[in-house]
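Below is one structure, written out as structure tokens; the observations come after it.
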Amino acid sequence: MGRSSSVVGTILALWAVLVVPGECHAPFFIFGDSLLDAGNNQYLNNSHKSTLPYGETFFKRPTGRVCDGRIVPDFLAEFANLPLIKPYLEPGFSNYTDGANFASAGAGILPETSPGLLHLKLQLSYFEEMQKKLKQQEGEQKAQELLSKAVYLLSMGGNDYMHAAMPSFGKSTPPLLTASYKKQYMVVVLSNLTSVVKKVYAMGGRKFIFQTVGPLGCMPSNRIGSGSKGCAHDVTVLAKTHNIALSKVLQKLEKTLTGFRYALFDYYSALEEITTYPSRFGFKEGQTACCGSGDFNRELTCGKNGTTAYNLCSDPSQYVWFDSAHPTESANKHLASLFWSGPLKVVWPYNAKALFQMP
């Protein structure tokens, strides 16, 4: 999966010694789906505003994050001595020197995955709009310096594969998942992702951090039974295949784009591990969601007051999953810590900390 030798480990150690945290201000720009959305969907006309219990743990109010509290980029920002990165569509938000969040819950890399939401190329168009505003505010040279020092987080693809593999997820019936179709679909998804990375690179971006697609078949929404053998098959295969191919794509980009540096976090394995062995990591429940209804609280009824009754646990910090498809704040903190400074077996060839601190 593209893991590097001990030489890279030595380089990481050198960065930790030579670079003082906070000395190199790196803005943080975020592209993604519901795992990363800090509230953009709240400001879309066709999107439902979130309600409690979303946001109950940390913010004490719903913010648009699909979680009981903070999400992975919130913790990464904290570790990097940055404030919480605001959603780009938040009214009145215009200071982009710390970064901006373009992620959209439910969105895919492909436009047809979730029409009406901010698919990846639409997120890119907002980034291009922001770049122009930044140049007007800071001047061409300062803006370009900020963009070149910035760290860019991209995490998408889960909704695309859910749309392809799960009949109940999309509005149309997915085609038969033949081997040739799976390969063709994955190539289209990855080529669209690569295209956006190259455009951000052309605009000055050099430091990129990526999450692999998570264990989609093991989410409460897709479980077909208990234990590690209770995960849905087709979408699991798609996620694993995508992640292997993503690693190869990033290695190729590193060889072809001068100055391109990246971290790839094995989000799949890290989340699968705490789902399968929750007690090892301080959790009591890894398979059933804190909030929802049905088996494993698999139905996405959380927060839908007045329409459907739902279950809600008393302590989300004891659960890996908050609702049927999204981790709790406690799980997100664990995952973000690995992303930030985890060993090479879980994040490579750099970790997020090394890239934030890299000049």
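Hydrogens, waters and symmetry mates are skipped; everything else that's a heavy atom, side chains included, is used.
Using modelled atom types, one finds no donor on one side chain facing an acceptor on the other under 3.5 Å when comparing Ser341 with Asn351. Under the 3.5 Å distance criterion, with hydrogens and angles disregarded, a donor-acceptor pair is assigned to the side chains of Asn41 and Ser104. Inspection of the Tyr267 and Asn243 side chains reveals no N or O donor paired with an N or O acceptor under 3.5 Å.
The two atoms that bring Gln211 and Leu246 nearest to each other are O-CD2, 4.3 Å, heavy atoms only. Heavy atoms only, all atoms of each residue included: Leu338 and Val347 are closest at O-CG1, 3.5 Å. Between Tyr43 and Pro91, the shortest heavy-atom distance links the atoms CE2-CD, 3.4 Å. For the pair Ser247 and Trp348, the tightest heavy-atom approach, listed with the atom from each and the gap, is OG-NE1, 3.9 Å. The minimum heavy-atom distance linking Leu344 with Pro349 is given by the pair CD2-O, 3.8 Å. When all heavy atoms are compared, the tightest approach of Glu272 to Pro215 is N-CG, 3.9 Å.
Residues Asn297 and Trp321 fail the side-chain proximity criterion, which asks for heavy atoms closer than 4.5 Å. At a threshold of 4.5 Å between non-hydrogen side-chain atoms, the residues Lys240 and Tyr268 count as touching. Using a 4.5 Å heavy-atom threshold, the side chains of Val197 and Leu154 count as touching. Between Gln137 and Tyr96, some side-chain heavy-atom pair lies under the 4.5 Å cut-off. For the pair Asp37 and Ile71, the minimum side-chain heavy-atom distance is 4.5 Å or more. Residues Met130 and Phe127 form a side-chain contact, since some pair of their non-hydrogen atoms from C-beta on lies under 4.5 Å apart. Within the 4.5 Å cutoff, the side chain of Pro316 has heavy atoms near those of the Glu56 side chain. Contact annotation: the side chain of Leu147 approaches that of Tyr152 to within less than 4.5 Å [non-hydrogen atoms, C-beta and beyond].
Put simply, the side chain of Asp234 never gets that close to the backbone of Ala165: no donor and acceptor are under 3.5 Å apart. With Glu140 contributing its side chain and Lys135 its backbone, the two residues share no donor-acceptor pair below 3.5 Å. A donor-acceptor contact shorter than 3.5 Å links the side chain of Gln123 to the backbone of Leu118. The backbone N or O of Leu300 sits less than 3.5 Å from a side-chain atom of Lys304, completing a donor-acceptor pair. Not one N or O on the side chain of Tyr201 forms a donor-acceptor pair closer than 3.5 Å with the backbone of Gly259. A donor-acceptor pair is defined here as one N or O able to donate and one able to accept, closer than 3.5 Å; such a pair exists between the side chain of Gln42 and the backbone of Ser50. Between the Lys60 side chain and the Thr57 main chain, a donor and an acceptor come within less than 3.5 Å of each other. Here the side chain of Asp68 pairs no donor or acceptor atom with the backbone of Thr328 at under 3.5 angstrom. Without hydrogens or angle criteria, Arg223 side chain to Arg298 main chain gives no donor-acceptor distance under 3.5 Å. Checked by atom type and distance alone, the side chain of Asp160 never pairs as donor or acceptor with a backbone atom of Gly108 at under 3.5 Å.
Placement of Leu216 and Val237 in two distinct hydrophobic clusters is found when ILVMFWY residues are connected by side-chain heavy-atom separations under 4.5 Å, directly or transitively. Val187 and Tyr181 fall into different hydrophobic clusters, where Ile, Leu, Val, Met, Phe, Trp and Tyr are joined by side-chain heavy atoms under 4.5 Å apart, directly or via other members. Note on Leu355: it clusters hydrophobically with Phe79, by side-chain heavy-atom contacts below 4.5 Å among ILVMFWY residues. Note: the hydrophobic cluster containing Ile224 does not contain Phe296 (ILVMFWY, side chain heavy atoms under 4.5 Å, direct or indirect links). Tyr319 is not connected to Tyr54 by any chain of hydrophobic side-chain contacts under 4.5 Å among Ile, Leu, Val, Met, Phe, Trp and Tyr, and they are in different clusters.
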Practice prompt. Under the ring-ring contact (aromatic ring centres under 6.0 Å, His included) rule, what do Phe356 and Trp340 come out as? Steps first, then yes or no, please.
Written response: CA-CA 9 Å; Phe356 268 100; Trp340 179 253; 5.6 Å; yes
Practice prompt. Any chance you could lay out the side chain to side chain contact (heavy atoms under 4.5 Å, CB included) test for Leu110 and His119, step after step, and finish with the verdict?
Written response: CA-CA 6 Å; Leu110 306 180; His119 57 81; over 6 Å; no
Practice prompt. Go through Glu129 and Tyr88 one step at a time and tell me if the side chain to side chain donor-acceptor pair (under 3.5 Å) criterion holds.
Written response: CA-CA 10 Å; Glu129 178 184 86; Tyr88 180 69; 2.5 Å; yes
Item to complete: Just do the side chain to side chain contact (heavy atoms under 4.5 Å, CB included) check on Met156 and Leu193 with the steps written out, would you?
Response: CA-CA 8 Å; Met156 291 187 90; Leu193 175 65; 5.7 Å; no
Worksheet entry | side chain to side chain contact (heavy atoms under 4.5 Å, CB included) assessment of Leu146 paired with Leu134 | CA-CA 9 Å; Leu146 287 168; Leu134 191 63; 4.3 Å; yes
Worksheet item: Going through the distances and angles, do Lys182 and Leu238 end up as a side chain to side chain contact (heavy atoms under 4.5 Å, CB included)?
Response: CA-CA 7 Å; Lys182 289 177 186 177; Leu238 282 171; 3.8 Å; yes
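Between atom CG of residue Leu76 and atom CD1 of residue Ile30 there is a gap of 8.0 Å, rounded to the nearest 0.5 Å. The line from SG of Cys290 to CZ of Phe322 is 5.0 Å long, rounded to the nearest 0.5 Å. Rounding to the nearest 0.5 Å places CZ of Phe28 at 4.5 Å from CG of Leu153. The distance from the OG atom of Ser155 to the CZ atom of Phe31 is 13.0 Å, given to the nearest 0.5 Å. In this structure, the separation between CD on Glu254 and OG1 on Thr256 is 9.5 Å, given to the nearest 0.5 Å. Taken to the nearest 0.5 Å, the NZ atom of Lys199 stands 6.0 Å off from the CG atom of Leu124.
Classified by interplanar angle (parallel below 30°, tilted 30° to 60°, perpendicular above 60°), the ring pair Phe208/Phe210 is parallel. Using cut-offs of 30° and 60° for the angle between ring planes, the Phe339 and Phe265 rings count as parallel.
Crowding of Lys133 atom NZ: a count of heavy atoms from other residues, nucleotides or ligands under 6.0 Å exceeding 12.
Taking Ile, Leu, Val, Met, Phe, Trp and Tyr as members and joining any whose side-chain heavy atoms lie under 4.5 Å apart, directly or through other members, the hydrophobic cluster of Leu84 also contains Phe58, Phe59.
Salt-bridge formation is detected for the pair Arg65/Asp74: a Lys NZ or Arg NE/NH1/NH2 atom is positioned less than 4.0 Å from an Asp or Glu carboxylate oxygen.
Cysteines Cys291 and Cys302 place their SG atoms closer than 2.5 Å to one another.
Taking the salt bridge (charged side-chain N to carboxylate O under 4.0 Å, His left out) definition, one finds that Glu90 meets it with Lys86, sequence neighbours left out.
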